[in-house]
Amino acid sequence: QVQLVESGGGLVQAGGSLRLSCAASGRDFSINVMGWYRQAPGKQRELVARIISGDNIMYADSVKGRFTISGDTAKKTVYLQLNSLKPDDTAVYYCSADVTYSDDARKSFRYWGQGTQVNVSS
């Protein structure tokens, strides 16, 4: 079992910044992809940004130029820097990790953190 622990959410005014952190722990696993998703009230969970082993990074169009994902799948940590925040960014932000285990690298499993609330006031 893999555990993801997030931190860094909070309340901020529009135009402000926050930094989210996520660390994965467990035994005998490797991470291929780490990412951040968000879910606003009444909406589906959506991908915000993800980083694949190496330098492959992608962002949702809605956050390009404002959010920056960083981290290292080998070190099992990922961060999300949120700048120029807007009220529409208000959501619960979830860290995710796509994991393989040493006993069968063909199977991939996705794990989720517990979520951290980001509230942006206008």
Side-chain angles (χ1 to χ4, degrees):
Q1 193 76 331
V2 173
Q3 290 189 324
L4 300 176
V5 178
E6 303 138 335
S7 61
L11 173 63
V12 65
Q13 289 187 329
S17 298
L18 286 171
R19 179 176 169 85
L20 308 182
S21 301
C22 175
S25 62
R27 296 183 63 181
D28 300 325
F29 71 98
S30 299
I31 297 178
N32 300 312
V33 184
M34 292 193 83
W36 291 94
Y37 289 72
R38 68 185 180 186
Q39 187 166 18
K43 295 187 177 181
Q44 289 188 331
R45 190 172 298 188
E46 63 176 0
L47 176 66
V48 175
R50 66 181 181 192
I51 183 167
I52 300 174
S53 302
D55 298 327
N56 192 337
I57 293 176
M58 69 84 64
Y59 295 97
D61 288 343
S62 59
V63 306
K64 282 180 182 176
R66 300 188 299 121
F67 293 6
T68 302
I69 189 170
S70 62
D72 190 329
T73 55
K75 295 180 180 178
K76 301 172 183 175
T77 56
V78 67
Y79 307 93
L80 188 67
Q81 179 69 39
L82 298 75
N83 296 330
S84 302
L85 281 160
K86 305 175 181 179
D88 284 349
D89 296 317
T90 294
V92 178
Y93 284 69
Y94 296 91
C95 174
S96 74
D98 293 352
V99 165
T100 56
Y101 289 96
S102 57
D103 60 349
D104 189 353
R106 297 169 298 176
K107 297 179 181 178
S108 180
F109 301 87
R110 175 165 292 178
Y111 290 92
W112 297 94
Q114 79 282 2
T116 185
Q117 180 71 48
V118 171
N119 289 313
V120 184
S121 62
S122 57

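Quick caveat: nothing in here was measured; it's all calculated off a predicted structure.
With hydrogens and angles ignored, the 3.5 Å screen pairs no side-chain donor or acceptor of Lys76 with any backbone N or O of Gly26. Between the side chain of Glu6 and the main chain of Gln114, a donor-acceptor pair closer than 3.5 Å is present. Between the Ser108 side chain and the Thr100 main chain, no donor and acceptor come within less than 3.5 Å of each other.
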Please walk me through it: do Arg38 and Thr90 pass side-chain contact (heavy atoms from CB on, under 4.5 Å)? CA-CA 9 Å; Arg38 68 185 180 186; Thr90 294; over 6 Å; no
side-chain contact (heavy atoms from CB on, under 4.5 Å) assessment of Leu85 paired with Phe67: CA-CA 9 Å; Leu85 281 160; Phe67 293 6; 3.8 Å; yes
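Screening residues 11-21 for side-chain hydrogen bond (donor to acceptor under 3.5 Å, both in side chains) gives Ser17-Asn83 as the qualifying pairs, with residues at least two apart or on separate chains.
At a threshold of 4.5 Å between side-chain heavy atoms, the hydrophobic network of Ile, Leu, Val, Met, Phe, Trp and Tyr places Val12 and Leu20 in one connected group. Connection of Tyr93 to Val5 is not established within any shared hydrophobic cluster, with ILVMFWY side chains joined at heavy-atom distances below 4.5 Å, either directly or through further cluster members. No continuous path of hydrophobic side-chain contacts links Val63 to Tyr94 [ILVMFWY only; heavy atoms under 4.5 Å]. By the rule that hydrophobic residues join a cluster once side-chain heavy atoms approach within less than 4.5 Å of another member, Phe109 and Val2 end up as members of one cluster. A single hydrophobic cluster is seen to contain both Ile31 and Ile51, as judged by linkage of ILVMFWY side chains at heavy-atom distances under 4.5 Å, directly or through other members.
Here the side chains of Val78 and Cys95 are in contact, with some heavy-atom distance below 4.5 Å. Looking at heavy atoms from C-beta onward, Thr68 lies out of side-chain contact with Tyr79 at the 4.5 angstrom threshold.
Between the CZ atom of Phe29 and the CG atom of Asp98 there is a distance of 12.0 Å, given to the nearest 0.5 Å. Taken to the nearest 0.5 Å, the CH2 atom of Trp112 stands 5.0 Å off from the CZ atom of Arg45. Distance check, rounded to the nearest 0.5 Å: CH2 of Trp36 to CG of Leu47 gives 12.5 Å. Between atom OH of residue Tyr37 and atom CG of residue Leu80 there is a gap of 13.0 Å, rounded to the nearest 0.5 Å. Interatomic distance, Met34 CE to Ile52 CD1, rounded to the nearest 0.5 Å: 13.0 Å.
Listed here is the closest heavy atom pair of Ala14 and Ser122: CB-CA, 4.4 Å. Closest approach of Leu4 and Cys22 over heavy atoms only: CB-SG, 4.0 Å. Contact detail for Ile69 and Gly35: the closest heavy-atom pair is CD1-CA, 4.3 Å. Contact between Thr73 and Asn32 at its shortest, heavy atoms only, is CG2-O, 4.1 Å.
A salt bridge links Asp89 with Arg66: the distance from a Lys NZ or Arg NE/NH1/NH2 to an Asp or Glu carboxylate oxygen falls below 4.0 Å.
Taking a 6.0 Å sphere around CD of Glu46, one finds it holds more than 12 heavy atoms contributed by other residues, nucleotides or ligands.
Ring pair Tyr111/Tyr101 is perpendicular by interplanar angle, where above 60° counts as perpendicular and below 30° as parallel.
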